[in-house]
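One structure below.
Every chain is numbered from 1, with letters handed out A, B, ... down the list of sequences.
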Amino acid sequence: MASIRIRMTNKRRKALVGTAFISPWIIGFFIFALRPMIYSLYLSFQKVKVTPLGIKTNYVGWDNYKYAFVSDTTFVEKVLHYLREMALNVPIIVTFSLIIALLINQKIKMRGIFRTIFFLPVIITSGPVINELLSQGVTNIPNIESYSMFEMVKQSLTPAVANPIMYLFKQIIMVLWFSGVQILIFLAGLQKVDHSLYEAARIDGASPWEAFWKLTLPMLMPLVLVNFIYTIVYISTFALNEIIVMIKDNMFNTTTGFGYATAIAWIYFVLIAIVLAIWSLLLRTRKS
Amino acid sequence: MKQQQVKQQSVAVLTRIRKLLLGMGENDGIVFKLVVYLLLIGIGFIYLYPLLFMLVNSFMSLDDLVNSMVKWIPTSLYTENYEKALQVLNFRKTLMQTILVAGVPSIIQMVMTSVIGYGFARFDFPLKKLWFALMIATFIIPPSVTMIPTYLMFKDYHLLGTLKTYIYPAFLGQGLKSALFIMIFYQFFKKLPVVLEEAAQIDGAGYLKMFYRIAVPTAGPAFIIVFLFSFVWYWNESYLAALYFGNKLTILPLELQKFTDSFTKMFPQSGGQGNQINEAIKMAGTMLTIAPLLVVYFVLQRWFVEGVDRSGITGE
């Protein structure tokens, strides 16, 4: 009996300590995060007019949401395009960044310089440089289709096979620029992998290939999930994303307005949540 | 007999070549190494290309810019672009402010997200799943939607025009992309063996002591990347900075946005052709804006490698 009571109080104490550790977040959530969220949800049911005197609202019920699906022809189209991109790009980006992280974690020459170079996308894509570069056209491969190699791919394969390949090549540059953060997260994770395990595996006759699948990948799996989440959120919310652009355009549009913009944003939010749930479910089943 | 011997010899030579090229056991072969270096250099070049392009162009005089013969190597090392850009950005003062604006919130954010991540990773408590889900929800909500409501909220709290608009949310785990950092720390602390904690508990260590004595030293790489990301993202966040600080504080990327205007104010057109703004001067300004970040990364990157060794020791 006594031992049970001790265990109970111990459990309760741990719960208390745990709550104490995350309490800054809970307080912050109520002070800083909840209010803007509720306010924007409220606005999505209103016709909003921004006047010099302040914001004027007019309750319209579900009209904004109906408008998105029924009257606004571009929205549904953009959503479908977005979902297709999510299914293709996210796994490509995560796989690519994993490979790069493995490569720059090896004992290669000039590792520091390589690591610095692979940090560049983090600095460049989040800052003023990307605008400068986009206006200069430095980040594109000019006219990829003019290369004969791609022409060959196009002609020798059926469209069903050739189109995804072409799409892939066009996306490669974008994939490269979107992978900076993920590469570093994987690299940080790889620092934690115990080297003695690899030696043991080698003595047991495991090839590097087997060691990767049986040792490295399972240890990195939690970070694969983090990177999946980050990639999904990043692609979904970066400033040049089609739907984000649409939200911004509608914010200051006089006919649709801020209310409609927030309504789209909330639909979009649910969509991202669903994509996230599907991917994390897929990853979890693969793990078990 | 002889034929067999030759055959045997050739087989031995072949396996040796194969060993050399494709690798055996602990040695990677030449072919593999070649592929790795080619891949890294190729991709590295794509990342480096825009920067090189800017660097080269920022050293070009007007004559070089106009001259179609000059593409990659300027005829002379022309530093006047940088001299002008330093003036236009009001570099020393702006740099100090930017370091303050990016540095203080990112240190606070790193510390607090590690504490919160530790709480999520090592303890069970009521509503844990709900809090975690809400945390992810704050991460996936498109920022363009909450931006204006957040601005109005800060106005209500009388925080606008001060660094508090960054510091307070960062302290309470609501800073820029805090959810990502909490998740990174969560995954790092989750892997910590329970044995270590139990041993510390027997030694009479409290939970806070257990956190910074045992958990923190094992997560060195996580601290470094979280600080780096946070620092870079606060550094580059010109939109929120303009919205929250008004004209009370400024950062380098903001000054860069105003570059053309400031330039024409500082160097009136009447001063002749040499006083006109051109791409080279703007690129010099852009280089000055990101150069400090590269320096910070290059310094911390060394720690990254050192952190490996240290965590290797504690792991054993």
Is it the backbone or the side chain of B:Leu134 that comes under 4.5 Å from a heavy atom of chain A, or both, or neither?
-> both
B:Val226 and B:Gln109, any side-chain heavy atoms less than 4.5 Å apart | no
Greatest number of heavy atom pairs closer than 4.5 Å to chain A - which of B:Phe120, B:Tyr37, B:Phe211 | B:Tyr37
Side chains of residues 29-41 of chain A: which donor-acceptor pairs under 3.5 Å do they make with residues two or more places apart or in other chains?
| residue | atom | partner | partner atom | Å |
| --- | --- | --- | --- | --- |
| A:Arg35 | NH2 | B:Asp156 | OD2 | 2.6 |
| A:Ser40 | OG | A:Met37 | O | 3.2 |
| A:Ser40 | OG | A:Trp266 | NE1 | 3.0 |

Report yes if the side chains of B:Phe123 and B:Lys128 come closer than 4.5 Å at any heavy-atom pair, otherwise no.
-> no
Heavy-atom proximity to chain B below 4.5 Å, by part of A:Leu16 | neither
With a 4.5 Å cut-off on heavy-atom pairs, point out which of B:Met287, B:Met147, B:Met183, B:Met153 contacts chain A the most.
-> B:Met153
Using a cut-off of under 4.5 Å on heavy-atom pairs, state which of A:Phe269, A:Trp25, A:Tyr268 scores highest against chain B.
-> A:Trp25
Name the option with the most non-hydrogen atom pairs under 4.5 Å to chain A; the candidates are B:Phe188, B:Phe45, B:Phe298.
-> B:Phe188
Do other residues, nucleotides or ligands put more than 12 heavy atoms under 6.0 Å from B:Tyr239 OH?
-> no
N/O donor to acceptor pairs below 3.5 angstrom from side-chain atoms of residues 244-251 of chain A, sequence neighbours left out:
| residue | atom | partner | partner atom | Å |
| --- | --- | --- | --- | --- |
| A:Asn250 | OD1 | A:Thr256 | OG1 | 2.7 |
| A:Asn250 | ND2 | A:Met246 | O | 3.1 |

Non-hydrogen side-chain atoms of B:Tyr297 and A:Leu184 separated by less than 4.5 Å = yes
In terms of heavy-atom pairs under 4.5 Å with chain A, which of B:Ile148, B:Thr113, B:Ile136 leads?
-> B:Ile148
If you count heavy-atom pairs under 4.5 Å with chain A, which of B:Ala137, B:Ser178, B:Ala121 comes out on top?
-> B:Ala137
Of A:Val181, A:Ile27, A:Thr19, A:Val122, the largest count of non-hydrogen pairs under 4.5 angstrom with chain B goes to A:Val181
